[in-house]
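First up is the structure itself, then whatever we jot down about it.
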Amino acid sequence: MPLPRFDRLPAERREHILGVARRHFAEHGAEGASYNKIIEAAGVSKTAAYHYFDGREDLLTAVLDGVLDRLLHALGPWDPARDEEDFGARFAAGSAALAAHLRDHPEDLALADAAIGRSGGSPWLDWFGALVTDGRRLGVIRTDVDHALMVSATAAVVRAADAWAVALMTSGSLEGLPQGDPPHQLWTLLRGLWGAATAAPGQEPNDAH
């Protein structure tokens, strides 16, 4: 985490430094970016840099923490759904918001996996844990698979679908999808994983097959 002197900098200065670092890590990789080049690009002397961070790993942690915070903010908190329809609508809205955020913030997209992995999966997996618990309560998600395994599998499917949807959105290839738009494609995948014959949001149950 940043040292206290960094926290005392004006907010605009802190964001500038972290923004420069985020761009470098996104371009060169979480393990490949040069600490010296980052602080030089941010206009920070080596002496000042070590008053702000313990070193490169400390700066990387601060950047990835920010990425994870923005991903979770895009998803929004998971609150218990009223029923199966409400569950589907809330999930569709959250996943669409996350995909849109990643499309509009390519640096966060590039660093998303590193941010989730660096955190040990939490609080990212906590969000999906709440989702799975709620889905089981409503009968949407099967209960014969270990809870932690279902949480990890659901999170992995959503992450893969987001990367796929962003690639389509940025390339303009959404038109002509034979099986519908990305939210319905994701719902189809998850319906199979969860083992419940639930229709995609906005579809009648008989249309889900």
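Numbers for residues simply follow the sequence, beginning at 1.
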Query raised in the report: Between the side chain of Arg14 and the main-chain N/O of Leu9, is any donor-acceptor distance below 3.5 Å?
Result: yes

Report task. Take the angle between the ring planes of Trp194 and Phe91 and call it parallel below 30°, perpendicular above 60°, tilted in between. Result -> perpendicular

**Report entry** Nearest-0.5 Å distance that lies between atom CD1 in Ile17 and atom OH in Tyr52
**Finding:** 5.5 Å

Report task. Please report the closest heavy-atom contact between Leu68 and Ser122, naming both atoms and the distance. Result -> CD2-O, 4.5 Å

Query - For His101, the option from Leu75, Leu71, Leu109 that meets side chain to side chain contact (heavy atoms under 4.5 Å, CB included) - result: Leu71

Query raised in the report: Between Lys46 and Ile39, what is the shortest heavy-atom contact and its length?
Result: CG-CD1, 3.8 Å

Query raised in the report: Quick one: CZ on Arg22 to CG on Leu59, what's the gap to the nearest 0.5 Å?
Result: 11.0 Å

Query raised in the report: Can you name the closest pair of heavy atoms from Val157 and Leu193 and give their distance?
Result: CG2-CD2, 4.2 Å

Query raised in the report: Quick check: does any side chain N or O of Asp134 sit under 3.5 Å from a backbone N or O of Phe87, one acting as donor and the other as acceptor?
Result: no

Query raised in the report: Within the side chain of Trp127, is there an N or O that forms a donor-acceptor pair under 3.5 Å with the backbone of Gly76?
Result: yes

Donor-acceptor pairs under 3.5 Å, side chain of residues 27-34 to any protein atom, not counting sequence neighbours: which ones?
unit_1: Ser34; atom_1: OG; unit_2: Asn36; atom_2: N; d: 3.4
unit_1: Ser34; atom_1: OG; unit_2: Lys37; atom_2: N; d: 3.2

Report summary line: So CG of Asp108 and CZ of Arg70: to nearest 0.5 Å the spacing works out to 4.0 Å

Query raised in the report: Does any N or O in the side chain of Arg90 come within less than 3.5 Å of the main-chain N or O of Asp79, such that one atom is a donor and the other an acceptor?
Result: yes

Query raised in the report: Between Ala62 and Leu18, which heavy-atom pair has the shortest distance, and what is it?
Result: CB-CD2, 4.0 Å

Requested in this report: Count the heavy atoms belonging to other residues, nucleotides or ligands that lie under 6.0 Å from CD of Glu57, then report whether that count exceeds 12.
Outcome: yes

**Report entry** Nearest-0.5 Å distance that lies between atom NE2 in His147 and atom CD1 in Ile141
**Finding:** 8.0 Å

Requested in this report: Nearest 0.5 Å please: distance from the CG atom of Leu60 over to the CZ atom of Phe53.
Outcome: 11.0 Å

Report summary line: One should read off an interatomic distance between Leu111 CG and Leu64 CG, to the nearest 0.5 angstrom, of 6.0 Å

Query raised in the report: Under 4.5 Å between any side-chain heavy atoms of Val20 and His16, yes or no?
Result: yes

Report task. Check whether any side-chain N or O of Arg5 sits under 3.5 Å from a backbone N or O of Tyr50 as a donor-acceptor pair, and report yes or no. Result -> no

Query - Contact check, side chains of Thr188 and Gln185, non-hydrogen atoms, under 4.5 Å - result: no

Query raised in the report: Nearest heavy-atom pair of Ala21 and Val63: which atoms, and what distance?
Result: CB-CG2, 3.7 Å

Report summary line: Note: Leu131 and Thr154 closest approach over all heavy atoms is CD2-CG2, 3.9 Å

